[in-house]
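First up is the structure itself, then whatever we jot down about it.
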Amino acid sequence: MLVEVLIVGVVALVVWLLFFKEDENPLDKLPGPPRKPIIGNSWELFQSPPDKLLDVLVDYTKKYGDRYVFKLMNLRVLHISGPSDIEAVLAHSKNITKSAPYQFLKDWLGNGLLLSTGAHWHRRRKILTPTFHFNILKNFATVIEEKTQDMVKMLKEKKGEDISLMPMISDFTLFTICETAMGTKLDKDQSAATLDYKNAVLNIGMQMLSRITRIWMHNDVIYKNSPRGKEFAKTLSIARSFADEVIMDRKAQRAQNQGPEEVDSSDIGTKRRLAMLDLLLEAEEKGQIDMEGIRDEVNTFMFEGHDTTAIALTFGLMLLADHEDVQDRICEEVENVLNGADHVSMSHLADMKYLEAVIKEILRLYPSVPFIGRNIDEDFKMGDILVKAGTTVDVHIYELHHREDLFPEAEKFKPERFLTNEIRHPYAYVPFSAGPRNCIGQRFAMQEMKTTLSEICRNFKIVPKEKGARPRLLADLVLRPVDPIYVKFIPR
Ligand code: HEM
């Protein structure tokens with residue numbers, strides 16, 4: 001018995017020395033919640049209800065400032081919300097690896113652009129960058145306008161009743177990304193499948209959050225064999241099969257010679273389109289990517305390309321409903337820019353400067369991606385402090401955008417701040433991230449949001465169900481309203 005106790009003791013000591021021994025680290029000078037021996041702050045993390053994680057992190061920033069450290073066993077997680085620190089992380093050319101929780105999405109998004117790193121990521125980014133070339137976005141304009149007109153028509157038929165924004169808007173953005181980037185038209189009779197897909201994306205976010213807060217579930221073997229892990233696998237298979245359908249559909253169309261058409265700068269108003277998926281299928285024919293790779297990218301772009309924009313438009317319409325003066329000013333600008341034209345062209349959108357400032361302010365207050373996580377591969381200096389390889393860094397975009405020193409009256413909706421050079425640091429405002437791993441779809445997103453909001457403001461007065469009401473917020477993969485947001489669309 002004594003021998004057994006001794007053996008267990010020695011094994012525990014070796015494990016402790018190998019994995020948990022405190023090493024010298026400059027980050028230990030930084031503040032943070034008090035740590036327990038060995039487990040660090042894992043207990044606090046476990047105690048935070050997943051849907052309150054955003055509140056907990058915002059509270060920590062208030063308490064410990066814009067640099068604090070959280071320790072999970074022997075892993076240091078550095079949380080930052082100051083612009084210079086954020087610049088040091090995001091602008092770094094080598095530290096481009098995403099943090100561990102992103103890997104929880106691996107069975108869904110695989111080695112797609114969001115999750116991959118190193119040479120693989122560089123190669124994919126090179127293949128995919130032309131997808132968002134100006135001439136291609138120009139071709140997408142027709143589809144986005146068509147989809148917006150369908151939404152305007154549907155809203156007119158509702159005759160001013162209360163509309164729950166998120167379900168309507170996410171249908172719109174999902175149909176739009178499928179028809180533009182994927183070149184696949186979703187029929188109305190696919191609405192059950194789209195609903196299943198949207199619900200699956202929502203559940204993936206919640207299931208991921210609940211995994212983050214349970215540190216023992218970070219281990220793949222334990223998680224995959226647990227009831228939660230099995231439930232997660234079911235959810236993933238719904239999301240993946242929807243994307244598979246989209247790929248099969250496009251392949252079938254290409255087999256019938258309905259492939260991509262030449263890009264032509266004079267084709268606004270016609271139905272020409274060149275899909276991202278076509279580009280990938282062509283790359284497959286040239287042996288640059290395999291089917292698994294295509295699936296990963298389609299899943300990545302379907303998720304990133306619909307959910308983020310839907311969230312921004314939902315919060316945006318909520319803010320506009322409370323600010324009639326802003327709606328009127330958008331409406332006046334749109335009428336002036338269009339000057340009687342039938343179609344909204346890219347140059348019209350470029351001239352809508354006030355609307356652009358409004359969208360920027362929406363994304364400041366409600367950045368669709370509230371946090372970014374990096375795993376540090378190479379030591380680097382963050383101002384006066386050395387951040388060692390092996391550290392995890394959490395960039396808090398949400399808190400950055402709400403800093404009073406950078407955005408006076410930060411809680412107020414003031415689009416004018418983006419018209420008058422008020423931004424005080426190049427990294428004070430990063431809704432699309434920045435540096436090498438910035439958002440590849442940001443111009444597409446701006447185009448879609450500008451088209452939608454300009455058409456809505458031109459056709460309707462947006463009225464809140466309850467003035468000043470704000471939903472509770474939740475941060476999973478994206479920033480979500482917990483409570484439904486209702487507004488009325490009263491025809492002008
Ligand atoms: C309002 C809309 C959007 C916002 C606020 C947004 C924000 C972001 C942010 C912050 C990142 C960096 C994420 C990270 O490092 O973890 C990102 C990456 C990405 N976004 Fe967006 N995004 C938006 C729309 C879109 C759209 C419409 C698409 C596709 C059509 C898209 C595709 C991507 C992809 C593929 C990445 C990964 C890029 C890489 O790592 O190379 N996003 N986005």
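When a ligand or atom number is given, it counts from 1 through the structure's own listing order.
Within a 6.0 Å radius of NZ in Lys251, no more than 12 heavy atoms belonging to other residues, nucleotides or ligands are found.
When the heavy-atom distances from atom 27 (C) of ligand 1 to Tyr366, Phe132, Phe444, Phe371 are ranked, the shortest goes to Phe444. Closest to atom 1 (C) of ligand 1 by heavy atom, among Met449, Glu448, Arg443, is Met449.
Lys94 has no carboxylate O lying under 4.0 Å from a charged side-chain N of Asp377, or vice versa, which leaves the two without a salt bridge. The pair Asp171-Lys198 counts as a salt bridge, with a side-chain nitrogen and a carboxylate oxygen less than 4.0 angstrom apart. A salt bridge links Asp322 and Arg470; the closest N-O separation between the charged side-chain nitrogens and carboxylate oxygens is under 4.0 Å. Checked for salt-bridge contact, Asp220 and Arg211 meet the test: a charged N lies under 4.0 Å from a carboxylate O.
Using cut-offs of 30° and 60° on the angle between ring planes, the pair Trp108 and Phe303 is tilted.
The protein non-hydrogen atom at the shortest distance from atom 36 (C) of ligand 1 is Leu114 CD1, 4.1 Å. Looking at atom 39 (C) of ligand 1, its nearest protein heavy atom turns out to be Arg125 NH1, 3.4 Å. Protein heavy atom in closest approach to atom 14 (C) of ligand 1: Lys98 NZ, 3.4 Å. The closest protein non-hydrogen atom to atom 16 (O) of ligand 1 is Tyr102 OH, 2.5 Å. Shortest contact from atom 5 (C) of ligand 1 to any protein heavy atom: Pro431 O, 3.6 Å.
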Residues Asp307, Arg480; criterion salt bridge (charged side-chain N to carboxylate O under 4.0 Å, His left out); working and verdict
CA-CA 10 Å; Asp307 216 14; Arg480 295 188 188 282; 2.6 Å; yes

Kindly indicate, with the supporting measurements, whether the criterion side chain to side chain contact (heavy atoms under 4.5 Å, CB included) is fulfilled by Met449 and Thr452.
CA-CA 5 Å; Met449 291 187 289; Thr452 316; 5.7 Å; no

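Using a non-hydrogen distance threshold of 4.0 Å, Thr173 does not register as a contact of ligand 1. For the ligand labelled ligand 1, residue Arg124 lies outside the 4.0 Å heavy-atom shell. Every heavy atom of Ile96 sits 4.0 Å or more from the atoms of ligand 1.
Shown here are the side chain to side chain contact (heavy atoms under 4.5 Å, CB included) partners of Glu411, two or more places apart in sequence or in another chain: His402.
Listed by atom number, the atoms of ligand 1 under 4.0 Å from Phe301 heavy atoms are 29 (C), 35 (C). Listed by number with element, the atoms of ligand 1 under 4.0 angstrom from any heavy atom of Ile177 are 30 (C). Contact atoms of ligand 1 toward Asn438: 38 (C) (distance under 4.0 Å to a heavy atom of the residue).
Phe413 and His323 have their aromatic ring centers within a separation under 6.0 angstrom. For His396 and Tyr60, the ring centers sit 6.0 Å or farther from each other.
For atom 21 (Fe) of ligand 1, the neighbouring protein N/O/S atoms at less than 2.8 Å, given as residue and atom, are Cys439 SG.
Considering both main-chain and side-chain atoms, Thr309 never comes within under 3.5 Å of ligand 1 through any nitrogen or oxygen pair.
Screening Gln442, Lys360, His401 against Pro431 for a side-chain contact (heavy atoms from CB on, under 4.5 Å) leaves a single residue, His401.
With hydrogens and angles ignored, the 3.5 Å screen pairs no side-chain donor or acceptor of Glu399 with any backbone N or O of Ser81.
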